[in-house]
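Report on the structure given below.
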Amino acid sequence: MDGLKEYLTRKDFVSSSEVRWCPGCGDYAVLNSVQTVLPQLGIPKEKFVFVSGIGCSSRFPYYMDTFGFHSIHGRAPTIATGIKVANPELSVWVITGDGDGLSIGGNHLVHALRRNLDMNIILLNNRIYGLTKGQYSPTSVKGQITKTSPYGVIDEPINPLRIALASEATFIARALDTDPKHMSEVLKAGAEHHGTSFVEILQSCVIFNKKAWSEISDRSTRENRLLYLEQGKPLIFGEKRNKGIVLRGTDPVVVTIGEQGITKKDLVKHDMYREDPVYASMLVMMDSPDFPLPVGVFHAVKKPVYEDELDAQIKEVTALKGRRNLQALLRGSEYWTVSNNGASIKRSTGIRTLDNDESNIMDEQIHALLKSTDPLTASLKTTVGKIFYDYDYKRSKMLSPRDSIASAIAHFKAAHIECILVGDSKRLYGILSERDIIQNVVLTSIDRDRQPISAIMRPVYEIMDESNSIGDVINILSISGHRHVPLRLKDGGFGLVTIRQILRFIHDTVEQVEKKEMEE
Amino acid sequence: MAAARKKQTFWSEPIGKVDLQRVAVVPSGTTIVDAVKEMKYNQIGCVLVEDAKQELIGILSNGDLMHEYVGSTLPGDTAVDIIMTKNPFTGSPELTVQEALEIFHSNPFRHMPILNDGRVQGILSIRGLMTFISEHLPLEVMNLPPDSSLIPSRTSGE
């Protein structure tokens, strides 16, 4: 048959493996849809790869007569990323579920989506862990009774499309297992999208979560509960096709065509190509009972594709620097050799292949700074104990928390201090400043003779040690917003370090440095 | 040499570059209680007092209140003028950081009004000055582990 192209058919993608899903499972519908779509894509059979993680849906690669990888839990997007990067010609498909993709592999899914490789991710959402016999999953609804939530789930469920949108996914869509024709259209659109397509498929688990989507999957109510998204067409739904969505301000509202003068023209027109995610976000948030649940393609935008960018970068750098030797790179500037029995470790240096090894320069800079000989910098490493003993500060008298406010006032006046510690030699209960006294005594009618200091003192959240550096103390004072910090003294008891002492210390250090420079 | 380098950078910076503390001003004749309310509301340690020509005539600090008012027989509706520090020490925005350090070093006050053409621009506090100095020493003071004993003494991996 010369000149006539040979087409693949669905059968070419059906493997000989026995399918081990429960009879009636939605997974079959997805399998059938995928096997229907693949021949339409015009891609040679040997270019398809199906990658999965763990779960019922992750048995998918066995049933596809293509290359496949039943990988580790949650890591299908990661392995698929590697496959696509290594061989960008492949058509890579990830099959995952609500547990595998959103719980165990939640992180991997997010990063695969934001990288935007040209691949397809299908997430089968049955709102339950089926393979492991019925534990609740990240999409299980609040109140759902499962094996691990006998009194109802109390977690807030994850909305997979919302996660995808937040992860900068360039194609997001939703389909229903009980409408395989629509699902095939959505999957085909996803496969044709240049970038990562993310398709959530709603399905039930016939054993552990029969009613997962009963409100919408039932043929009799589907028309009233589902909103089929069609590009450029108004958002219309309902058995009589007379309901629609309008925008009031920024809020979507359900209206009936013909009522209150509403016509088709007033309805929101679906535009999946909108660059900004605001409209898609609105659709993603629509859910029963207030809204119909949208299905179809929500968002499809063009963004650079990861493997293209990577390829361009490799070409650019290779042109500039030539091809590199992996061995030399691995051995870098230093490496260690561990002897067979592990008894000795030998460090080798000297193999320098990286002409721009900045890490060494950085280390040198950091060390130069840490070993700085700048006098002021060096002086900040002085222990705070030195300030305490050198800068006039007698051991602070401490007041007992039971002393009256009046006695504290008398002490403040006599000693000309701004602040005092409350406690004894063993324990610090609080700190009392002029401000605490003034604001309480002047603005309230507190009985200063009867009320104890403990009623107005502030708690102490930070106590420094004599061995702390002056730099540490400045740091703490800058953060706390106070003018004093308590100091635990080596021989027991407490003292106070003030900003004034620190400034005096800095002042004297600067003065000494200048004097020395003058002499020189 | 190194100190000289630093001097060129921030010791000679004008005070105008320091984040000055916001100012609470009360007119002459305000009662002591109202002045304290103003301090509490603004969460600051002093209020400035201006006369009818909006010229600075005094400053009232927690210290003044502690020593002149608390425990005295003065009623709360006494005018602040009675206990405030009159004709306070002021600085200009051109004052350098080092000069300001010198001033706080040799004077007992903690707040210095900064005047620009006779108008109050802000208050330089002893705290503000310390924070300014420490912000210029990020490696030595600000961006450090919680305790200086936790600073690595050698490169990791060695």
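Reminder, nothing fancy here: chain letters follow the sequence lines and each chain counts from 1. Just so you know, these numbers use all the heavy atoms, side chains as well, and skip hydrogens, waters and symmetry mates.
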query = Which distance, rounded to the nearest 0.5 Å, do you find between the NE2 of B:H105 and the NE2 of A:H507?
reply = 4.0 Å
request  = Mark yes when over 12 heavy atoms from residues, nucleotides or ligands other than A:N341 sit less than 6.0 Å from its CG; otherwise mark no.
outcome  = yes
Just list the side-chain donor-acceptor pairs under 3.5 Å for residues 35-46 of chain B, sequence neighbours left out, or say none.
{"residue": "B:E38", "atom": "OE2", "partner": "B:N42", "partner atom": "ND2", "Å": "3.3"}
{"residue": "B:N42", "atom": "ND2", "partner": "B:E38", "partner atom": "O", "Å": "3.0"}

Flag, side chain of A:K413 to backbone of B:V70, donor-acceptor distance under 3.5 Å = yes
query = Hey, are the side chains of A:L503 and B:I133 touching, using non-hydrogen atoms and a 4.5 Å cut-off?
reply = yes
Spacing of B:L129 atom CG and A:I506 atom CD1 [to the nearest 0.5 Å] = 8.0 Å
inquiry  = Does any backbone or side-chain atom of A:H482 lie under 4.5 Å from a heavy atom of chain B? Answer side chain, backbone, both or neither.
reply    = backbone
Polar side-chain atom of A:R500 near backbone of B:F104 as donor-acceptor pair, under 3.5 Å = yes
ask   = Near A:N325 CG, under 6.0 Å, is it more than 12 heavy atoms from other residues, nucleotides or ligands?
value = yes
ask   = Are there residues of residues 452-461 of chain A that reach to under 4.5 Å of chain B by heavy atoms, and which ones?
value = none
Close approach to chain B in residues 432-442 of chain A, criterion heavy atom under 4.5 Å = A:E434, A:R435, A:I437, A:I438, A:Q439, A:V441, A:V442
task = Could you grab the distance from atom CG of B:L101 to atom CD of A:E511, nearest 0.5 Å is fine?
result = 9.5 Å
note = Residue pairs meeting side-chain hydrogen bond (donor to acceptor under 3.5 Å, both in side chains), one or both in residues 75-84 of chain B, sequence neighbours left out, come to B:S28-B:D81
query = With side chains defined as the heavy atoms from C-beta onward, is the minimum distance between B:M66 and A:E418 less than 4.5 Å?
reply = no
task = Of all the heavy-atom pairs spanning A:L477 and B:R127, show the shortest one and how long it is.
result = O-NH1, 3.1 Å
